[in-house]
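Computed from heavy atoms alone, side chains included, the values below leave out hydrogens, waters and symmetry copies. Source: prediction; values computed, not measured.
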Amino acid sequence: MVQATPFLLVLFLALGAHGLSAKKCNLTGRWVNDLGSNMTIKTVNANGVFAGSYHTAVTATSNEIKESPLQGSLQKSPNQKGQPTFGFTVNWSFSDSITVFTGQCFVDDDGKEVLKTMWLLRSRVENIKSDWKATRVGNNVFTRLQLQE
């Protein structure tokens with residue numbers, strides 16, 4: 001049994017160190033999604049509240065696309081374990097619509113941060129009879145935008 005003790009100690013330390021080295025996902029920064037839209041999230045405050053901007057690469061309107069403000073909240077639960085859930089709203093500056101996103105910030109197997117999101121876009125319609133066509137649903141995957149050197 002004495003000979004097994006050093007082996008078990010090394011095994012225990014190796015398994016424990018793996019848990020300590022897990023990278024936490026951080027929402028702050030610049031992101032790009034699978035459609036080429038860009039988003040910047042500014043500092044997340046102590047309550048989990050954040051703001052930023054969103055520049056979409058796609059639209060259903062013929063209006064000129066403009067950068068639009070976003071406001072959101074990050075779940076601050078101690079159970080998040082570095083991969084938090086979040087939600088934010090984009091108030092489009094160039095159309096009569098608004099989009100709400102919800103998602104989770106992950107660190108993938110390569111150590112890269114990924115935001116997996118789902119969204120609802122609500123467009124203004126002329127009357128209640130047109131309500132059926134006012135809401136769209138979709139999903140996007142965001143990756144951290146790397147700065148050009």
key: Common cluster, Leu121/Leu70, ILVMFWY with side-chain heavy-atom separation under 4.5 Å   = yes

message = Assess, by modelled atom type and distance only, whether the side chains of Trp92 and Thr99 contain a donor and an acceptor separated by less than 3.5 Å.
response = yes

Atom pair CG/CD of Leu115 and Glu113 - distance to nearest 0.5 Å = 8.0 Å

query = Charged N to carboxylate O below 4.0 Å: is that the case for Arg122 and Asp96?
reply = no

Donor-acceptor contact below 3.5 Å, side chain Arg30 vs main chain Ile41 = no

message = Assess, by modelled atom type and distance only, whether the side chains of Asn139 and Trp119 contain a donor and an acceptor separated by less than 3.5 Å.
response = no

message = A quick test of your reading: do over 12 heavy atoms of other residues, nucleotides or ligands sit less than 6.0 Å from CG of Asn127?
response = yes

query = Are Leu74 and Val114 connected, step by step, through hydrophobic side chains (Ile, Leu, Val, Met, Phe, Trp, Tyr) whose heavy atoms are closer than 4.5 Å?
reply = no

request  = Mind running salt bridge (Lys or Arg N to Asp or Glu O under 4.0 Å) on Lys116 and Asp108 for me, showing each step along the way?
outcome  = CA-CA 11 Å; Lys116 297 280 286 186; Asp108 69 13; over 6 Å; no

query = Would a distance-only check, ignoring hydrogens and angles, find a side-chain to backbone donor-acceptor pair under 3.5 Å from Thr102 to Gly87?
reply = no

ask   = Do any N or O atoms from the side chain of Ser68 and from the backbone of Ser93 form a donor-acceptor pair under 3.5 angstrom?
value = yes

message = Treating Asp34 as the side-chain partner and Val141 as the backbone partner, does any N or O pair qualify as donor plus acceptor under 3.5 Å?
response = yes

ask   = Can you find a heavy atom in the side chain of Val32 that is under 4.5 Å from one in the side chain of Phe142?
value = no

query = Do side-chain atoms of Gln104 reach the backbone of Gln83 as a donor and acceptor pair under 3.5 angstrom?
reply = yes

task = Answer yes or no: is there a donor N or O on one side and an acceptor on the other, between the side chain of Asn26 and the main chain of Thr28, under 3.5 Å?
result = yes

note = Closest non-hydrogen atoms of Ala57 and Ser37, given as atom of the first, atom of the second and distance, are N-OG, 2.9 Å

query = Can you check whether Ile128's main-chain N or O pairs, donor with acceptor, with Trp132's side chain at less than 3.5 Å?
reply = no

inquiry  = Can a side-chain donor-acceptor contact be found between Tyr54 and Asn91 if the only test is distance below 3.5 angstrom?
reply    = no

query = What distance do Arg124 atom CZ and Ser95 atom OG have between them, rounded to the nearest 0.5 Å?
reply = 11.5 Å

key: Approximate separation, where rounding is to 0.5 Å, of Asn33 CG and Thr117 OG1   = 7.0 Å

ask   = Got a second to check how far Met39's CE is from Asn140's CG, nearest 0.5 Å?
value = 9.0 Å

message = Any non-hydrogen side-chain atom of Met118 less than 4.5 Å from a side-chain atom of Val137?
response = yes

query = Phe86 versus Gln75: any side-chain heavy-atom pair under 4.5 Å?
reply = no

query = Closest approach of Phe94 and Lys66, non-hydrogen atoms and distance?
reply = CD2-N, 3.3 Å

query = What is the distance from atom CG of Asn45 to atom CZ of Phe50, rounded to the nearest 0.5 Å?
reply = 10.5 Å

inquiry  = Once rounded to the nearest 0.5 Å, what's the spacing between atom NZ of Lys112 and atom SG of Cys25?
reply    = 13.5 Å

inquiry  = In the structure I gave you, are the side-chain heavy atoms of Ile98 and Thr89 within less than 4.5 Å of one another anywhere?
reply    = yes

